[in-house]
Amino acid sequence: MFAPQGPTFRELAVQALSSVERGYDLLAPKFDQTPFRTPEAILAPVARALRRLGPFDSGLDLCCGTGAGMEVLREVCRERVTGVDVSAGMLAEGRARTGVTSGAPAAAWVRADARALPFGPVFDLAVSFGAFGHFLPRERPGLFAQVHSVLRPGGRFVFPIGAPARPGSPGYWALLGFDAAMRVRNALWRPRFVMYYRTFRLTDVCAELTRTGFDVRLQALPELGRRPDGSPRCRLVVATRPA
């Protein structure tokens, strides 16, 4: 799960007892050597799907971390891409690792809270990978409203969402245990570290996006396989701000 160059158990423990911002600042230099970075197995299918939806001029990576999603945006956007994250450490790592590629759009890295984005409606595309567990369910309507506000009419908010683990499976118990441990940690320790894996449910999310004003449709990512009942293991949520 962790590369030899990844964080030690002690470093992870210190991170987990910090705030979200401070924790990611500490983890940033070794973040790409952990399983927390979105893997290429997910990034590549999403990039292919976005190429079919495009073209796009400008893109926003919400909670960009060290820039896995920025790499996708640079493949599908023609003019400029922007990454937003609350962690200065993660942004610094992403900025340092972004190479200069002929013909690729310019990249900007902006420190900001996703719940208070410092932009007008200037983006054609917004993406996010693996960050929604950092927002409590009550915060999602405001978060989605912020994304809606920075998209041009016709702009799209796109992100992958995996199918929930089958009840009783090892994955189900692992996620249940993680969320339970995080709730106990946050009840006993300050500052809180919000990261819950089981609160971002597809039905709820689609309803909230619709109430925000998005037109929502789902697209299977067949490269990621199907469950025994034939349903996709991962879907792409495509939320469009009406023109």
#### Entry: Residue pairs fulfilling ring pair (Phe, Tyr, Trp, His ring centres under 6.0 Å) with at least one residue in residues 216-243, sequence neighbours excluded
none

### Task
Keeping to residues at least two apart or across chains, list the salt bridge (Lys or Arg N to Asp or Glu O under 4.0 Å) pairs with something in residues 175-189.
none

## Note on the structure
By side-chain contact (heavy atoms from CB on, under 4.5 Å), Ser149 pairs with (sequence neighbours left out) none

### Task
Could you list all the side-chain hydrogen bond (donor to acceptor under 3.5 Å, both in side chains) pairs where at least one residue sits in residues 189-206, not counting sequence neighbours?
Asn186-Tyr196

### Of all pairs that satisfy side-chain hydrogen bond (donor to acceptor under 3.5 Å, both in side chains), the ones with a partner from residues 59-70, not counting sequence neighbours
Asp32-Thr66

### Task
Not counting sequence neighbours, list each pair that qualifies as a salt bridge (Lys or Arg N to Asp or Glu O under 4.0 Å) and has a residue in residues 232-243.
none

## Note on the structure
salt bridge (Lys or Arg N to Asp or Glu O under 4.0 Å) pairs touching residues 118-135, sequence neighbours excluded, are Asp124-Arg152

### Query
Which pairs count as ring pair (Phe, Tyr, Trp, His ring centres under 6.0 Å) when at least one residue sits in residues 213-243, sequence neighbours excluded?
His148-Phe214

Would you mind writing out the side-chain donor-acceptor pairs for residues 41-56 within the sub-3.5 Å range, not counting sequence neighbours?
{"unit_1": "Arg48", "atom_1": "NE", "unit_2": "Glu223", "atom_2": "OE2", "d": "3.1"}
{"unit_1": "Arg48", "atom_1": "NH2", "unit_2": "Glu223", "atom_2": "OE2", "d": "3.4"}
{"unit_1": "Arg51", "atom_1": "NH1", "unit_2": "Glu75", "atom_2": "OE1", "d": "2.9"}

Sequence neighbours left out, cut at 3.5 Å: what donor-acceptor pairs do the side chains of residues 23-31 make with other protein atoms?
{"unit_1": "Tyr24", "atom_1": "OH", "unit_2": "His134", "atom_2": "NE2", "d": "2.9"}
{"unit_1": "Asp25", "atom_1": "OD1", "unit_2": "Ser87", "atom_2": "OG", "d": "2.6"}
{"unit_1": "Asp25", "atom_1": "OD1", "unit_2": "Ala88", "atom_2": "N", "d": "3.3"}
{"unit_1": "Asp25", "atom_1": "OD1", "unit_2": "Gly89", "atom_2": "N", "d": "2.9"}
{"unit_1": "Lys30", "atom_1": "NZ", "unit_2": "Glu11", "atom_2": "OE1", "d": "3.1"}
{"unit_1": "Lys30", "atom_1": "NZ", "unit_2": "Glu11", "atom_2": "OE2", "d": "3.2"}

### Query
How would you list, by chain and number, every residue that makes a salt bridge (Lys or Arg N to Asp or Glu O under 4.0 Å) with Asp57, sequence neighbours excluded?
Arg78

### Message
Checking Phe200 now: which residues fulfil ring pair (Phe, Tyr, Trp, His ring centres under 6.0 Å) with it, not counting sequence neighbours?
### Response
Phe132, Phe159

### Query
Is there a donor-acceptor pair closer than 3.5 Å between any side-chain N or O of Ser58 and the backbone N or O of Val122?
yes

